Each structure stands twice: as structure tokens, then as C-alpha cells.
Amino acid sequence: MNTYLELAFSNLNECSIEESDFIHEVLSKLNNDDLTIVEQIILCDGVKVEFSKTILDWIQKNPIRKKIINDILKDQLHGIKKNVIMKLKNEKNLFRLELEDVIYSSVIIFSINTDTIQIHKRMNIFTHRTTKISDRFSQIKSTYPKILSTTESLNFILTNRCSISRFGDGELNLCFGLDIGFQKASTELKNRLCEVLNRGSDGKILITLPEFNSQYNNIINCYGELSFWENYWLRMYDNLKGFFTHSFYGNTDISRNSVFFENNLEDIKKIWDQRDVVFVIGKNGRFEIKPELFNNINKFKSIYVPPVNAFDIYPQILESCLKVKKDKLFLISAGPTATVLAYDLMNYGYQALDIGHLPNCYDQYLGIIKYPESIPHVRPDAVYYEEK
């Protein structure tokens, strides 16, 4: 072991036994291919850093992350400690480095060996379910808006033959000015999303929000002892609660896997039964026109939009849609662009439904995929759907 490297990472605080066990469990599921070294650089003073395959995609999505990691490691080597690196319990050479983010904070798991720092894995930060956090959840739930069930949301649409604009964590993040994976933030998009959210629901449109802690559309123990949605509201509720000004909202899970657990497939399909449909979907994107879901529509055509940053060409997308006759039903899957587009088309006299990842969530419900976000935003092998 390089004495210089060993000394630099000595005398660090240890993380809890619960976090250490959690990290070991995740690491135990990695295979040799996951741990393949895909990049090696000289950090400083002859010390190398190696990045494994598991962390490559995460770094490539935002290259500044690699610089942040390297800078923290350099500071540690030079004796500038920032208390973001901890040693795993009862481990000599295995460590975690915390990267703070507004919502999705991460830990980077790495080991030291001879003259090399090996980066093994990025994980969500581990959070303990303390009494203080449990009390905070109770407080949030007591003030959280009334959310219709997925069944009530379906019935609302069927009864009113209305449109729907959905808000998930991505749309809410954009309302706060944060980028998401397939749409960069902008003042214009933020303003439009806030306009839709502020409108509220009536017989013309149903505006939806996520459940506080969904039973199905969720990841349990996603952030240590917290689920995905518990972590989200813990970090974001105070930033977003001012947007929630209406007495009730539809259920965003109307297009997630929850809807299939809570409703019969045939009841879901009633919404587009024997309708002429226009799909607005990302070209080479995730969306699939699955027969199991859409074999009861009369006929359809497709309008293709960019699968990433579709809002950048929003005027052209809206213009294409407005050429369609108003008796057609729009089914839109275009991320936050769909939220705005369904609202605008409603104002022009159309029925337009933002249906998100519905076909992918059906595959998730069947156990074919883990979750929709595990599918790439752009798929070279995606089917191009012609008019029928």
C-alpha cells in the first residue's frame, strides 16, 4: 500500500453499520462486467483514479460530476478534508464519498489499493428514518392536497370526456427550475408548467399530482430507509407546496404501473374505445403502441417529436397538432411537453390526454422490465408507427 495514499484516507469517521450493510449488499450484486475499468487518469502525485463501468453512464450525463469527484479526492490527498468522505464500518480500504444535490444526493463507493483509487459504484444517499423525519412526514401528509385514486381519475375522464395534464417529479422539478434527464429547464417551460398547475381541474381538464407515497409507483428503500417518494417530499415539499392551491387533483399514477394494479385493463381502455386517435410520441423513443392496450381504437396516426428536449420546438409541435380535426383524441407521450400540449389543445377544443409511459408501465406491471426509466430515452431499434 502506498503510505501516502493510506495516510490520506486514515482517521476518517465511519458510517453506520446499517449504511455499511446496505452498501455491501449493493456491491455484492455487481458482477465482473460491472466492475470493468473503463477509464483511468492520473489524479496527482502519482495516484491514479479508475472509473468502473457502473458509473460511466452517470458521469457521461453530466461530465462535471467527474471533476467534482476528482477535486474532492485531490483535496483529501492534500490534507484538505471536507467531511464528505467516510470509511465503511470495519473496513480498512473501502469508502464512500457524498455528493450533495437538491433532491437526488449520491454517494460514490471507492476503494484504495497500492497507488490507485478505484471508483466502484454510485448509489443514492443513505438516510435513516429518524423520529424527526417521521414527524416531518406526518406534517407533510396532513397538508398535502387531496389526490383522487386512479379509479376516480379514470372515471372523471370518462364522465367528462376531458383532457388530462400530468405532473410527476420531473415536471415539478422543472417548475422549480431544475433540469431533468430528457428536458433542460427554461424560464418559458417553467412559466407554462406553472400556468397549467395553477389552473386546477374541472370538466374540461384534470390536472394530476403524484400520491404522497405510492404503493406501486415507488422504490422502497431507495434512499436507505426511505422510499423514492419519501425522499422526494422530504427535500422538495417546502419548495413546491406553494404551487398546490386547489382542493383536489387527479392521480398522476393513472399512467404508471399503479393503474394496472388498481383497475381492470378493459376499464382503462374505455377511454379510447372506438376513437380515432392521434399519438404524439418521441421518434425512436420509449413509447410503444401495444396491441394489448390499443387494439380497441378505431384508427390512428402518429405525430413524432424529439425524444429529448421536445419543448425546444414546441411551436412547431403545436402547429402540427392544430391541423388535426377536433373529433380526434390525442394521446401524448412527450415528457413535460405533453403536460403543456394537452392543456393547450384542450383550450383549442380538443380532448388530449398526457399518458406518459403507459405502455412501458404495462410491461413493468407484467414484470418484463424493472421500470420505464431503465429504457434509454432514444432507442435505435424503436418501431416507427405508420398511419392505420
Side-chain angles (χ1 to χ4, degrees), residues 22 26 29 103-104 124 127 129 133-134 137-138 140-141 144-158 164-173 180-182 201 206-237 240 244 248-272 286-288 290 292-294 331-333 335-336 338-339 353-375 377:
F22 185 75
V26 172
K29 297 176 182 178
I103 313 170
Y104 311 118
N124 296 327
T127 304
R129 188 184 296 275
I133 286 177
S134 294
F137 287 151
S138 296
I140 292 172
K141 288 174 70 173
Y144 195 69
K146 171 180 169 55
I147 308 296
L148 301 181
S149 68
T150 59
T151 302
E152 290 170 331
S153 299
L154 287 171
N155 290 336
F156 190 97
I157 295 169
L158 283 166
I164 178 173
S165 285
R166 299 168 51 259
F167 285 80
D169 61 305
E171 289 74 24
L172 293 173
N173 292 347
I180 62 174
F182 54 96
S201 302
L206 181 64
I207 308 298
T208 78
L209 287 178
E211 297 176 14
F212 173 74
N213 194 27
S214 174
Q215 179 180 357
Y216 301 108
N217 176 32
N218 210 341
I219 305 173
I220 307 303
N221 298 329
C222 186
Y223 291 85
E225 296 176 348
L226 305 186
S227 71
F228 173 87
W229 283 112
E230 286 174 326
N231 173 78
Y232 186 81
W233 295 123
L234 184 66
R235 289 173 172 262
M236 287 297 289
Y237 188 68
L240 296 171
F244 307 152
F248 80 95
Y249 294 86
N251 195 317
T252 293
D253 283 357
I254 196 171
S255 72
R256 302 291 302 198
N257 61 338
S258 300
V259 75
F260 299 108
F261 283 105
E262 298 170 353
N263 302 274
N264 293 323
L265 181 58
E266 294 308 312
D267 289 334
I268 299 168
K269 293 168 62 175
K270 287 178 183 178
I271 292 178
W272 47 80
R286 292 171 175 165
F287 194 91
E288 298 179 61
K290 287 184 169 294
E292 305 96 305
L293 296 177
F294 303 114
L331 298 181
I332 312 168
S333 177
T339 307
L353 307 178
D354 167 10
I355 63 167
H357 296 303
L358 186 68
N360 308 118
C361 289
Y362 185 59
D363 283 346
Q364 180 188 11
Y365 164 74
L366 295 175
I368 297 172
I369 62 172
K370 189 173 181 180
Y371 44 83
E373 290 77 9
S374 63
I375 302 172
H377 298 309

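Bear in mind that the values here come from a model prediction, so they are computed numbers and not experimental data.
Of the possible polar contacts, none joining the N124 side chain to the G224 backbone as a donor-acceptor pair under 3.5 Å is found. Not a single donor-acceptor pair under 3.5 Å links the side chain of N263 to the backbone N or O of I268. At least one donor-acceptor pair under 3.5 Å links the side chain of N251 to the backbone N or O of D253. Of the possible donor and acceptor atoms, none in the side chain of W272 sits under 3.5 Å from a partner among the backbone N and O of F294. Remark: the backbone N or O of R166 is paired with a side-chain donor or acceptor of T339 at under 3.5 angstrom. Side-chain N or O atoms of R286 include none that pairs as donor or acceptor with a backbone N or O of N360 at under 3.5 Å. A donor-acceptor pair is defined here as one N or O able to donate and one able to accept, closer than 3.5 Å; such a pair exists between the side chain of K269 and the backbone of E292.
Aromatic ring pairs are classed by plane angle as parallel below 30°, tilted from 30° to 60° and perpendicular above 60°; the pair F244 and Y237 is tilted.
Side-chain atoms of S227 and N213 form a donor-acceptor pair, as typed in the model, at a separation below 3.5 Å.
Residues T208 and T252 approach most closely at OG1-OG1, 2.7 Å, considering heavy atoms. Pairing each heavy atom of L358 with each of I254, the nearest pair is CD1-O, 4.0 Å.
Of the listed residues (W229, Y104, Y232), just one forms a side chain to side chain donor-acceptor pair (under 3.5 Å) with D169, and that residue is Y104.
With a 4.5 Å cut-off on side-chain heavy atoms, N173 and M236 count as touching.
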